[in-house]
Amino acid sequence: MEIMTKHFGSMEYTEEETVHFPDGLFGFEDHKDYVPIPLEEGSDAIICMQSLDDQDVAFIMMNPFLLSTAYHPDIADADRKALGSPKDEDISYYCICVINETLDDSSINLKCPVAVNALTRSARQLILDQPEYGFRHQIKDISKTSEKEDPHAGTAKKEKSVTGHRR
């Protein structure tokens with residue numbers, strides 16, 4: 001199938017690549033289906049989550065574990081159930097970013113990650129009940145050096161990538 005994307009022009013994708021959000025994303029509840037497009041082939045460090053419902057809707061997302069292994073989202077039972085009750089290792093997490101001209105002006109939302117059941121490709125945006133995470137963390141301030149001070153450092157598992165798309 002073919003889509004016109006916001007950032008990459010016309011692209012081919014397969015149905016198997018589609019990520020489905022039954023409830024949509026916050027503020028975009030009518031947009032249910034997306035294709036994750038890696039910015040670097042073979043890497044899920046930064047992806048563009050392109051809406052299939054509207055070519056002008058796309059979100060830049062980062063794998064939070066590649067920024068800091070100290071990130072440890074505690075998924076609520078209701079959210080896990082809505083995803084089909086996957087095991088921890090079958091959930092991929094991505095955080096929406098606001099990328100500006102400089103790293104100093106760019107931020108990431110660690111409070112509301114997107115959780116994707118890597119087996120079914122069903123997804124849900126969460127609101128974590130963890131006060132250490134906010135809606136706007138400066139990307140430049142997130143450092144792996146903070147892991148030494150975090151009791152949960154290293155407890156988050158590297159999840160399965162949901163990107164399979166080749167640009």
Side-chain angles (χ1 to χ4, degrees), residues 17-29 31-32 34-51 58-100 102-165:
E17 294 175 279
T18 303
V19 173
H20 181 70
F21 289 81
D23 300 319
L25 289 162
F26 302 144
F28 295 86
E29 289 80 6
H31 298 82
K32 309 281 187 189
Y34 292 81
V35 172
I37 304 167
L39 269 57
E40 182 178 320
E41 193 169 314
S43 171
D44 75 336
I46 303 173
I47 64 171
C48 176
M49 193 67 80
Q50 174 65 54
S51 170
F59 299 94
I60 300 299
M61 298 184 177
M62 294 181 85
N63 179 329
F65 302 113
L66 297 178
L67 284 175
S68 173
T69 55
Y71 187 65
H72 60 282
D74 292 330
I75 187 168
D77 290 339
D79 289 323
R80 185 181 298 276
K81 185 175 180 183
L83 287 170
S85 301
K87 298 176 188 173
D88 285 341
E89 60 267 19
D90 293 327
I91 302 174
S92 295
Y93 292 93
Y94 297 92
C95 294
I96 296 176
C97 300
V98 175
I99 305 297
N100 292 307
T102 68
L103 190 60
D104 288 346
D105 296 327
S106 299
S107 63
I108 186 169
N109 180 345
L110 297 176
K111 185 72 163 178
C112 301
V114 167
V116 181
N117 181 329
L119 302 176
T120 66
R121 301 188 73 79
S122 179
R124 182 174 181 87
Q125 189 171 17
L126 314 175
I127 298 179
L128 299 178
D129 188 23
Q130 294 172 263
E132 65 267 35
Y133 300 126
F135 299 104
R136 286 190 192 142
H137 290 269
Q138 295 303 117
I139 293 174
K140 68 177 178 72
D141 293 337
I142 299 173
S143 167
K144 291 186 181 245
T145 59
S146 66
E147 295 171 17
K148 296 174 186 169
E149 302 164 7
D150 191 314
H152 297 286
T155 61
K157 295 182 172 97
K158 170 66 176 112
E159 75 288 345
K160 295 179 181 177
S161 172
V162 297
T163 63
H165 190 82

Open item on the list: For Ile108 and Cys97: C-alpha separation, side-chain torsions, deciding distance, then whether side-chain contact (heavy atoms from CB on, under 4.5 Å) applies.
Closed with: CA-CA 4 Å; Ile108 186 169; Cys97 300; 3.9 Å; yes
Open item on the list: Let me confirm one number: the OH-CG distance from Tyr94 to Leu66, rounded to the nearest 0.5 Å.
Closed with: 9.0 Å
Open item on the list: Using the side chain to side chain contact (heavy atoms under 4.5 Å, CB included) criterion, which residues pair with Leu128? Sequence neighbours excluded.
Closed with: Tyr71, Pro73, Pro113, Leu126, Gln130, Tyr133
TODO: Please step through side-chain contact (heavy atoms from CB on, under 4.5 Å) for the pair Arg80 and Asp88, ending with a clear verdict.
DONE: CA-CA 9 Å; Arg80 185 181 298 276; Asp88 285 341; 2.6 Å; yes
Open item on the list: Can you list everything that forms a side chain to side chain contact (heavy atoms under 4.5 Å, CB included) with Pro22? Sequence neighbours excluded, please.
Closed with: His20, Ser122
TODO: Go through the steps for Ile46 and Ile60 under the test side-chain contact (heavy atoms from CB on, under 4.5 Å), then give the verdict.
DONE: CA-CA 7 Å; Ile46 303 173; Ile60 300 299; 3.8 Å; yes
Task: Minimum-distance pair of heavy atoms, taken over all atoms of Leu39 and Cys48 - done: CD1-N, 3.7 Å
TODO: With rounding to the nearest 0.5 Å, note down the distance linking CD in Gln50 to CD in Glu17.
DONE: 12.5 Å
Open item on the list: Phe26: which residues meet the side chain to side chain contact (heavy atoms under 4.5 Å, CB included) condition with it, sequence neighbours left out?
Closed with: Cys112, Gln125, Ile127
Open item on the list: Tell me the closest heavy-atom pair linking Ser85 and Lys81, and the distance in Å.
Closed with: OG-CA, 3.7 Å
Open item on the list: So if I apply the side chain to side chain contact (heavy atoms under 4.5 Å, CB included) rule between Tyr93 and each of Val114, Asn63, Ile75, Val116, which one comes out positive?
Closed with: Ile75
Open item on the list: I'd like to check the side chain to side chain donor-acceptor pair (under 3.5 Å) partners of Thr120; sequence neighbours left out, ordered by chain and number.
Closed with: Asn117
Task: Nearest-0.5 Å distance, CE of residue Met62 to CD1 of residue Ile99 - done: 6.0 Å
Task: With Phe28 via ring-ring contact (aromatic ring centres under 6.0 Å, His included) - residues at least two apart - done: His31, Phe59
- [ ] List for me each residue that meets salt bridge (charged side-chain N to carboxylate O under 4.0 Å, His left out) alongside Arg124, sequence neighbours excluded, and say none if there are none.
- [x] Asp23, Asp79
- [ ] Considering non-hydrogen atoms only, spot the tightest contact between Pro36 and Arg121 and give its length.
- [x] CG-NH2, 3.7 Å
